[in-house]
Amino acid sequence: MAKYPFSEIEPKWQAYWEKEKTFKAVEDPSFPPDKRRYVLDMFPYPSGAGLHVGHPEGYTATDIYCRYLRANGYNVLHPMGFDAFGLPAENYAIQTGTHPKITTDANIARFREQIKSLGFSIDWDREVATCDADYYKWTQWIFVQLFKKGLAYESDAPINWCPSCKTGLANEEVKDGECDRCGTKVTRKRIRQWILKITAYADRLLADLDGIQWPEDVGIMQRNWIGRSEGASVRFALDGRPETVEVYTTRPDTLFGATYMVLAPEHPLVAAITTQDRKAEVDAYVEAAAAKSDLERTELSKDKTGVWTGVLAINPVNGRKIPVWISDYVLASYGTGAIMAVPAHDERDWEFAVKFRLPIIQVVAEEGSPAARVGTCGDPEACFSGEGVAVNSGEFNGLSTADFKKAITAWLEKQGIGKAAVNYKLRDWLFSRQRYWGEPIPVVHCSKCGAVPVDEKDLPVRLPEVTSYAPTGTGESPLANIPEWVNTACPKCGGPAKRETNTMPQWAGSCWYYLRYLDPKNPDAFAARDKIDYWMPVNLYVGGKEHAVLHLLYARFWHKVLFDLGFVNTKEPFQRLVNQGMILGEDNQKMSKSRGNVVNPDDIVREFGADAMRVYEMFMGPLVVAKPWATAGLVGASRFLERLWAVSEKPLADAKPDAELERLLHKTIRKVSEDTESLAFNTAISAMMVLSNEVAKLDSVPRGLWRDFVTLVAPYAPHLAEELWQRMGGKGSVSKQAWPSYDPALCVDAEIEVPVSVNGKLRDKLVVAPGTAEKELETLALASPKIAEWTAGKQVAKVIVVKDRMVNIVVK
RNA sequence: GCCGAAGUGGCGGAAUGGCAGACGCGGCGGACUCAAAAUCCGCUGUCCUUACGGGCGUGAGGGUUCAAGUCCCUCCUUCGGCACCA
């Protein structure tokens, strides 16, 4: 038997598809809107290492789905491109002097070739790369829209700084106090930054999660990241001073238990209110706190520190004078940067109060406890942060936590010293990078007009050539060293002005690339509105979970801004999201160069073929779960394809398949249809393997059955299917064939086995026609001699019959 | 600490509350071959039994049910995310 010649077949059909533009997507109005699908992969960053076996996992899944949709009469948009700005190319440039553009282009060429070698049905005419000036012109244009809408502003507040990458980082890019990219401990630095006001969209980013079909955990991660909480803001008067301190609390019901206050060391009031005698100590503390990284302030030192400012505040509910402290356990960037401390009911305050011997007053008692009944109690022995019943709270005693919150908020409002308030953990997006290889931020600084956006007609602001790519570390990018580029005229007044030298983060380009695919060559708009209306939103978006709160949050934000400006037709960009599970190394560990467990897809394609690689990756297990690679297991997929090839060498018969085989065919069509639809590719492949094992036993193959089978296989192993299609005399491309249909009546077996159990234990099986009446099943079961053995001498208490499924006899 | 996901043969995994282990890998036995590779056929959870057959089995322990891998409670382990957010 001839070995299946994948190394000839695969390039042959790839060339055919390319030449025939088989997968070109056209905005054909004859497809009604519900017959259009936009299926998108997260585009790759073209690293120097080339494609990884993890990349083709998602790409294969979307490709199978797209091919399935086309066969079912859908017009499908399935593009690919490259996220091409970013640090690796720049760092390589710093080491070698090679321009990042050169490295990036070479890597893109390699990636494109590797992706093409897997036979995906991509419309390559729509390819984009975020580093192309024609592309980033529109990234800059969107930034200008953000600026004009007041959503981009400059700030010199302290930021996360990676000393190794020598650039500022967004909150989302810091993981466990380390730079997400390089693992270096993040420090704090005060430099001028561009910030995007993503917090202005916090409520909508939260609310609109309800309308999209995303994995539950990604939704939860975004919800947690946005971190909405409801509570109250309360203004505290200071004893003998005109200033007031406003705090935010989610537990206004514990106000009677506030025994001290804490300001963040950076709080603007600290310097003003600190008394003369406390000044030296307070200054020293503020200075020490400023020197600490966020990590040192949080993770490394859970041990509370702090100093008293010398000032007392007045608790508005009881007039008690309480000390105002400063401590770095209060974050300047959340709420008002100040808290009322209720040590009896907050773990952190408890710890602080114990350490500094501050009073602790219990004001919440557990439901049903003696204290809850009496309304008062002595000093608590432990912190209780749950909900309960108010005690030691004057007229409010006896109220439940929820009722008390409402009552006290109303009271505060009436007194004019507080109101209901909502807070978010989400911070604004630090958007400037002090690096070279990114989109220049299209702003000009004029001494007269301030920060002025570049005129839209003057976009793009091209990334200039530099002699040194190395980041300066001073808060300026390498662009600052090119006076002829930096010095320009103010777009507003024409006077001398300087260009912004910071660049955008890598996330900028990926915030809207799915829109550029719709109209990639358009010189007049990021995409024509009719094309947006034709395809958007993205119906299925497949990619890794690592972007749960980075790219996916940022892109949603930009999309909403574009929606508000009337440029796009949907509130959300990605209707349905699926995260493919990671492919681990053979050792069950994350694949990495340092572990030496990386599998190169090129090797697999060379040795087993692209179709085998595709089928194996989909057969390994459910798309969404992590699973270890096993090259040994790959041969199973390979043998399946070999078997199909072997079948194609048998003669075709015009006779119909026998009844048994015909039923199997129809059941297989049903199973593969349902499973492909629901992205359960592993079980679809399993079903096709079962059919192939049966067909392989035949001496000649019924033509109709074979035609259907080849069409079923086509989304999974497209090269082989094209070849099989051609060998059986099919015209054109098998990918233009309609998906086979099945007859539900033929999906039912002529005879089925119905298990019979006694007291839940399987004891016999009945062979009956499907649909046999329950009464008859019961009679047959009770008549069985095997069953009689188990019921002998016992009393039949009950017989449960589920038609076509089982019979259970309960005996005593 | 909090939130989320997952624990099933030697391995990857399958199973609308209804025959646990489909399909594949590996292993064992056989056919073909001078021989090997490839291919094909059979067996392959575990324990007891020569066999027929039976007991036990889905991380641990409880519970609901005629019936639980699947539902509920407690716990353990692994992975992912968050982590002084008041």
Side-chain angles (χ1 to χ4, degrees), chain A residues 1 3 175-177 215-221 223-225 227-229 231 247-251 254 262 294 297-299 301-304 327-331 333-342 345-349 351-352 385 423-427 545-546 548-549 579 581-582 584 586 588 590 615-616 619-622 624-637 639-640 642-643 646 680 682-690 692-693 696-697 753-765 786 797-802 804-811:
Chain A
M1 186 205 307
K3 183 119 171 141
K175 299 256 190 284
D176 295 327
E216 199 60 35
D217 55 337
V218 176
I220 290 168
M221 278 160 78
R223 278 191 180 88
N224 290 344
W225 192 262
R228 182 189 147 98
S229 72
V247 301
Y248 170 73
T249 177
T250 55
R251 291 296 299 271
T254 61
V262 187
D294 278 354
R297 283 176 62 156
T298 59
E299 223 149 316
S301 58
K302 296 273 185 190
D303 208 26
K304 298 281 181 292
S327 171
D328 62 8
Y329 87 88
V330 171
L331 306 175
S333 51
Y334 183 75
T336 61
I339 62 157
M340 63 177 209
V342 185
H345 304 291
D346 181 285
E347 299 280 353
R348 301 149 299 182
D349 298 344
E351 206 185 308
F352 191 86
S385 57
N423 249 301
Y424 297 92
K425 286 205 261 184
L426 182 70
R427 306 292 152 79
K545 197 167 285 181
E546 64 274 19
V549 286
N579 298 121
M582 202 183 302
L584 306 168
E586 302 228 23
N588 234 309
K590 198 168 165 174
V615 170
Y616 172 62
F619 184 63
M620 287 168 75
V624 299
V625 308
K627 43 217 171 268
W629 178 272
T631 301
L634 178 67
V635 306
R639 278 179 198 156
F640 166 60
E642 294 282 1
R643 189 165 298 136
N682 54 331
T683 46
I685 292 167
S686 164
M688 290 190 281
M689 285 174 167
V690 172
S692 76
N693 289 341
K697 290 176 187 158
E753 275 189 345
V754 175
V756 181
S757 50
V758 177
N759 286 348
K761 289 202 184 291
L762 176 69
R763 298 303 181 192
D764 195 12
K765 287 175 182 179
K786 279 191 192 164
K798 203 170 171 187
V799 180
I800 294 117
V801 183
V802 180
D804 294 348
R805 298 306 303 222
M806 46 69 62
V807 178
N808 189 19
I809 298 165
V810 184
V811 296

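Every chain is numbered from 1, with letters handed out A, B, ... down the list of sequences. These figures come from a predicted structure and were not determined experimentally.
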Under 3.5 Å donor-acceptor pair, Lys798(A) side-chain atoms to C66(B) base atoms: no
Under 3.5 Å donor-acceptor pair, Lys175(A) side-chain atoms to C82(B) base atoms: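 Counting by modelled atom types and ignoring angles, no donor-acceptor contact under 3.5 Å is found here.
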For [X], which contact category applies under a 4.0 Å heavy-atom criterion: base, sugar-phosphate, or nothing?
X	value
Val802(A)	base
Arg763(A)	sugar-phosphate
Lys627(A)	sugar-phosphate
Asp217(A)	sugar-phosphate
Asp349(A)	nothing
Val330(A)	base
Glu753(A)	base
Ala637(A)	nothing
Ile220(A)	sugar-phosphate

Look through every strand shown and name the nucleotide pairing with [N] as Watson-Crick or G-U wobble, where both distances are under 3.5 Å.
N	result
G7(B)	C76(B)
C34(B)	none
U50(B)	none
C28(B)	G42(B)

Between [M] and [N] - [atom1] atom distance, rounded Å:
N	M	atom1	value
A60(B)	A67(B)	C1'	23 Å
U64(B)	G10(B)	C1'	35 Å
G12(B)	U65(B)	C1'	33 Å
G17(B)	U58(B)	C1'	15 Å
C82(B)	C19(B)	P	41 Å
G59(B)	A6(B)	P	13 Å
C3(B)	A83(B)	P	15 Å
C47(B)	G9(B)	C1'	15 Å

For [N], take OP1 and OP2 only and decide whether either is under 4.0 Å from a side-chain N or O of [X].
X	N	result
Asn693(A)	G24(B)	yes
Arg639(A)	C25(B)	yes
Tyr616(A)	G24(B)	no
Ser757(A)	C19(B)	no
Lys761(A)	G18(B)	no
Arg643(A)	C40(B)	yes

Beyond-backbone contact of Val756(A) with Lys786(A), side-chain heavy atoms, under 4.5 angstrom: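 Counting from C-beta outward, Val756(A) and Lys786(A) never come under 4.5 Å.
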Non-hydrogen side-chain atoms of Val810(A) and Asn759(A) separated by less than 4.5 Å: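 Yes; the side chains approach each other to less than 4.5 Å.
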What nucleotide, of [options], holds the atom closest to the side chain of [X]?
X	options	value
Met689(A)	C23(B), A86(B), C66(B)	C23(B)
Ser686(A)	C3(B), G18(B), A22(B)	A22(B)
Lys697(A)	C41(B), A86(B), G4(B)	C41(B)
Phe619(A)	G13(B), C19(B), G12(B)	G12(B)

Atom NZ of Lys590(A) with >12 non-hydrogen neighbours under 6.0 angstrom: no
Spatial distance of atom CZ (Arg639(A)) from atom CG (Leu634(A)) [nearest 0.5 Å]: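 Between Arg639(A) CZ and Leu634(A) CG, I get 10.5 Å after rounding to 0.5 Å.
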Spatial distance of atom CG (Leu762(A)) from atom CE (Met806(A)) [nearest 0.5 Å]: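 If we round to the nearest 0.5 Å, Leu762(A):CG and Met806(A):CE are 10.0 Å apart.
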G53(B): syn or anti, per glycosidic angle within 90° of 0: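 Anti, angle beyond 90° from zero.
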Closest non-hydrogen atom pair, Arg643(A) against Asn693(A): NH1-OD1, 2.6 Å
Cation-pi check, Lys304(A) onto Tyr329(A) ring (under 6.0 Å, within 45° of axis):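 Because its charged atom sits under 6.0 Å from the ring centre and within 45° of the axis, Lys304(A) does stack over Tyr329(A).
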Position toward the 5' end of RNA chain B (nearest nucleotide), Gly621(A) or Ile339(A):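 This one resolves to Gly621(A).
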First encountered from the 5' end of RNA chain B, between Ser229(A) and Ala626(A):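 Going by which nucleotide is closer to the 5' end, it is Ala626(A).
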Could you state the atom-to-atom distance from [atom1] of [X] to [atom2] of [N] in whole Å?
X	N	atom1	atom2	value
Phe640(A)	G13(B)	CZ	P	20 Å
Ile800(A)	U65(B)	CD1	P	13 Å
Glu347(A)	A83(B)	CD	C1'	14 Å
Leu584(A)	U78(B)	CG	C1'	12 Å

